[in-house]
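Reminder, nothing fancy here: chain letters follow the sequence lines and each chain counts from 1. Both backbone and side-chain heavy atoms feed into the values below; hydrogens, waters and symmetry mates do not.
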Amino acid sequence: MSSITVGTRVETARGLASGRLARNVALGALVALLLFLTAYPLAMLVYGSLHTTPPGEAGTFNLDGYRAMLTRTNAVVLLNTIGLSLVKTGLAMVLALFLAWIVARTDTPYRETLEVLVTLPFYIPPILTAMAWGMLATPKGGVINLAWTGLTGSREPLVNIYSYGGVVWHMMQYSTPFLFLLMVGAFKSMDPALEESSRTSGATAFTTFRRVTLGLMLPVTTSAFLLSFIRGVESFESALIFGSPVGIEVITTEIYHLIHHTNRPDYQQATALALGIMVLMFLLVAWQWRLLGGRSFFTVTGKGYTPRVARLGRWRWATFAFCVLFFVVTVVLPVGQLIVSSFFKFFGFYRWSMVTTDHYFTVWNNRLVWRALANTLLLGVLGATATMMLGGLIAYVLVRTRFGIRRALEVLAWLPWMMPGMVLGIGFLWAYALMPGPVQLYGTLWALGVAYVTLGTPLAVRTMAGAFAQLAHDLEECSRVHGAPWWTTFRRILLALAWPAFAVGWILIFFIILRELSASILLYSVGNEVLSVVIMRLWTEGKAGQVSVIALVMLALVFLFRFAEQRFTRRGTSSPFRRSSPADAGSSLPPPRIARAKPALGGPEC
Amino acid sequence: MPGVTVDGVSKHFGAVRAVDRVSLDVADGRLLTLLGPSGCGKTTTLRMIAGLEHNDAGRIVIADRVVSDAAAGVFVAPERREIGMVFQSYAIWPHMTVFANVAYPLEVRRLTRTAVIERVGEVLRLMQMEHLATRQATMLSGGQQQRVAIARALVFQPRVLLMDEPLSNLDAQLREQMRLEIRALQQRLGITTVYVTHDQEEAMVLSDEIAVMHEGRVLQRADPQTVYARPASRTVAAFFGAPNLLAAKVREVRREGDGALARVDGEGWEGWGAAPDDVCEGDAVTVVVRPEIIRIATDAAGAGNGGRPGIAWRGVARQRIFRGARNLYTVETGAHGGGLAALRVTVDAPPDQTVALGSAVTLTVDAAQTWAVRD
Ligand SMILES: Nc1ncnc2c1ncn2[C@@H]1O[C@H](COP(=O)(O)OP(=O)(O)O)[C@@H](O)[C@H]1O
Ligand SMILES: [Mg+2]
């Protein structure tokens, strides 16, 4: 094939001046976009906390918002917030450690299935289980109490979900699988020699577990604890549904009530409180960073050890049963309750004569529900796509370039990580009210969309940065040299290789959007409702049957996407992510040096 | 002239001077090898030609087109330099088939589908990889990946081919085979090539010209024979095999034709050796004597120079290393009781020339086969 010859085209060099300009414009646009998404609403919080009237109205500036904050009630709110989160994190930690140990380090049967079951509650939107538990454990007519009074003849209900215990109980259902996910990997990848040498040194199995196993786990448990605690401080649903009706308020619900449940919405104080929680979050995160030496989470890299597995003998069925029980309580019971109440005419009256499909028809004929479903799906699909694309671009700049602007981008993209949805919601309320130029976002669906993209950005960046970091530079450079411009290379090489991570990140962000309540409830407008807002409204109107029907629809979506996600992660594990390309001598097949583009955890609320 | 010119190019990484004012030019259709120990700046030089690193100083011209000029602020992006490159790691895209890997450079150039299929088929046939076209790239052996990488670098008929230690990840046998194959391919296609290696043997087999690099600089640039037989410095000489480097002083210079002969005086020995033109009486030099050109004999008669000028040493065979095709002797010379430390000379002798250890031997070498370089 002598046709391959070196061309003799003579061409004058066109400098990279144009290329450099394009690059700087693109970088500038990226920074500007991030500034708008994160720094702008944050700055507007400061503005709003000083502004005497609601967003969009003329007013003056004073410190009333901060003065109003310093009350005894708010001191109790602060104590509630911290106390509830601390208690739920502690309890969930014990439970999660036990479950992780069962799944990773014992010979309990069907451990792989158990792992999937135990983590499933993490993916169910909290608002759904909140409604379900509201029906299961309410003193009047709750199934658990009905069964209790029926069985024992007692007149006193057994449990009351509307209490401190109820709030903790509901929060735990998310924290436990979340902590489990954070810690199970560390359990699995522990070098067995470390424990074996303890045993040969004369320590008993229990001493070894206490001194060596837990000792080795300490960095992971500490950071997981902190992360879960921080998430607890910014959580909203549990306290809103189980605390507020009996006067137990936390900061997020307090902010919400200041805007929605007072005669004249006190935006100034709400905004000041939002800034207050930001300060609290900032202190917590700073403390976390100090403790973990600049990392937000301590990860354990698997070395491919096969960990020691404890032989439990007959007890392995007990541990098996324990995991199943956890699954039943956190998933089967609430979902079962939703199914049951969707078919009964009135909540709490479970007789055959009351069975009906009316709720399904009512919901079917409800235009509002259809609109909300369409809005949720539209925002979910577009929002997840936009967020992942944005996250991918930012991650590229962070991981693959040496631009000076990198640091700024990193901080900007990380900011929403410590902004609770409620805080971001208020920030955007002010931001939209003061939008420069003719673009009006408030009153449109995009008011929500923009907030969702902001909320999802940290997770998207982390997911894509993790995936990009695993790809050898050669793969990218080779594409450039062989004629592909940057954008083509990004699409066809980097994104194509990081595709499983992209898909998983996409689904997780879709979940975030699907379950998002706190920012949505502040930013929606008539005609632009989303499902979580509609569910909340129907719940306050006491329409348990319709709530259940919609909840089941959302659950179906969750299970569908969770299933898809698992397919992707499995594909991800078998897809060739190599740090460096085949560099193995000889003619043997390259060994499966496969690193997973594992999505980072901790994105969704818990 | 579609060659490559590198003109005074430098590259710093922080305080590290990775490449220091390197100038090279490769004529059309020639193969230049950058040869040097690990870390001497070969890869960085190659990457600057490809446009993967910005040069701090100097100018790079590919096929009469200035692609990078630090002073003038010109920098052409890598994708617009029309270069084929084989990476050390091969950089085979693991999410694509063999066909897709090779087709990629054509696709990004927006060739029609039929043209792509035709070209890729041609190149795969050339690399004897046709039967693997549909194979996933991860399911290839090291040697096969190498062929795919070369096919991909050639498929769009680039002006210049760059190869960064393409054989370093292959086993010894395959390496020798591929060496010859790459050379044959390069000559058949007549493609201007810059090849990077740290393996001197590979460099000699493959190259039209070799540039020996050391600590970011080019020490010598010449054809393989010259670099081997007439190294420009002690460092260059030391890089090829394990020559005897003997310190000496020039006592007398006799210029003749295109070279010079110098009478050199070492520690306990003296004789005539070839030297560069500009060598002068009194210069301190290193005489490079390659082990394989030294004759070894137990009697003075068998070791004569037949009247030709040269050098002779007397000594005792101390050590023998059996190497299959050759015997490597270490001979201790210069211990004439003159208070001088023993001088060790290695001799690479054919297997039929066996010498008993401990016996007295005479070593001789022709002047033309030695080389005296100034320190
Ligand atoms: N990206 C980089 N950052 C910092 N130093 C580098 C980088 N690339 C190369 N170097 C340094 O430059 C020198 C030359 O490297 P290189 O060109 O890779 O050498 P070679 O390919 O000859 O082994 C080495 O000292 C190396 O450590
Ligand atoms: Mg190198």
Side-chain angles (χ1 to χ4, degrees), chain A residues 1-20 22-23 471-489 492-500 574-590 592-594, chain B residues 2 28-29 47 50-52 63-67 69 72-85 87-95 104-105 108-109 122-123 125-126 138-145 152-154 156-160 162 169-171 174 188-192:
Chain A
M1 192 190 53
S2 54
S3 57
I4 294 187
T5 49
V6 179
T8 49
R9 251 182 319 151
V10 175
E11 194 180 313
T12 53
R14 268 172 285 165
L16 194 72
S18 58
R20 204 170 280 168
R23 192 186 76 191
L471 300 176
H473 283 265
D474 283 359
L475 297 175
E476 183 186 347
E477 289 173 351
C478 187
S479 165
R480 293 296 298 278
V481 170
H482 289 135
W486 182 83
W487 176 242
T488 310
T489 303
R492 292 203 48 187
I493 306 297
L494 285 163
L495 272 192
L497 277 168
W499 157 244
S574 63
S575 106
F577 279 98
R578 300 224 202 103
R579 233 218 107 70
S580 61
S581 279
D584 318 287
S587 54
S588 62
L589 287 180
R593 232 179 325 141
I594 289 153
Chain B
D28 186 17
R47 287 169 60 82
L52 295 170
D64 293 331
R65 173 190 183 209
V66 178
V67 291
D69 186 340
V74 173
F75 185 86
V76 175
E79 67 265 24
R80 301 195 30 241
R81 293 192 179 194
E82 302 286 320
I83 277 173
M85 185 160 175
F87 288 73
Q88 188 168 8
S89 63
Y90 311 145
I92 301 293
W93 298 305
H95 58 308
Y104 186 90
V108 299
R109 286 177 171 73
E122 256 178 90
V123 176
R125 212 170 309 133
L126 180 76
T138 46
M139 301 286 151
L140 297 176
S141 69
Q144 289 167 334
Q145 292 185 0
R152 181 178 58 188
L154 292 175
F156 60 102
Q157 305 179 348
R159 299 152 172 219
V160 172
L162 306 180
N169 290 323
L170 302 180
D171 62 38
L174 198 55
R188 180 135 64 103
L189 303 177
I191 184 169
T192 313

Give, for atom OH of B/Y104 and atom OG1 of A/T489, the distance between the pair rounded to the nearest 0.5 Å.
4.5 Å
Please give me the minimum heavy-atom distance between A/A484 and B/V108, naming the atom from each residue.
CB-CG1, 3.6 Å
A/H473 side, atom NE2; B/S89 side, atom OG - distance, nearest 0.5 Å:
11.5 Å
At what distance, to the nearest 0.5 angstrom, does NE2 of B/H95 lie from CG of A/L495?
9.5 Å
B/A153: what forms a side-chain contact (heavy atoms from CB on, under 4.5 Å) with it, not counting sequence neighbours?
A/H482, B/V86, B/L161
For B/F87 and A/V481, which heavy atoms make the closest approach, and how far apart are they?
CZ-CG2, 4.4 Å
Sort B/R47 into side chain, backbone, both or neither according to what part of it lies under 4.5 angstrom from a heavy atom of chain A.
side chain
Structural part of B/R109 lying under 4.5 Å from a heavy atom of chain A
side chain
B/W93 side chain to A/I493 backbone, donor-acceptor under 3.5 Å
no
According to salt bridge (Lys or Arg N to Asp or Glu O under 4.0 Å), who are the partners of A/R480, at least two apart in sequence or on a separate chain?
B/E79
Please identify, among B/R125, B/R81, B/M85, the residue contributing the most non-hydrogen atom pairs under 4.5 Å to chain A.
B/M85
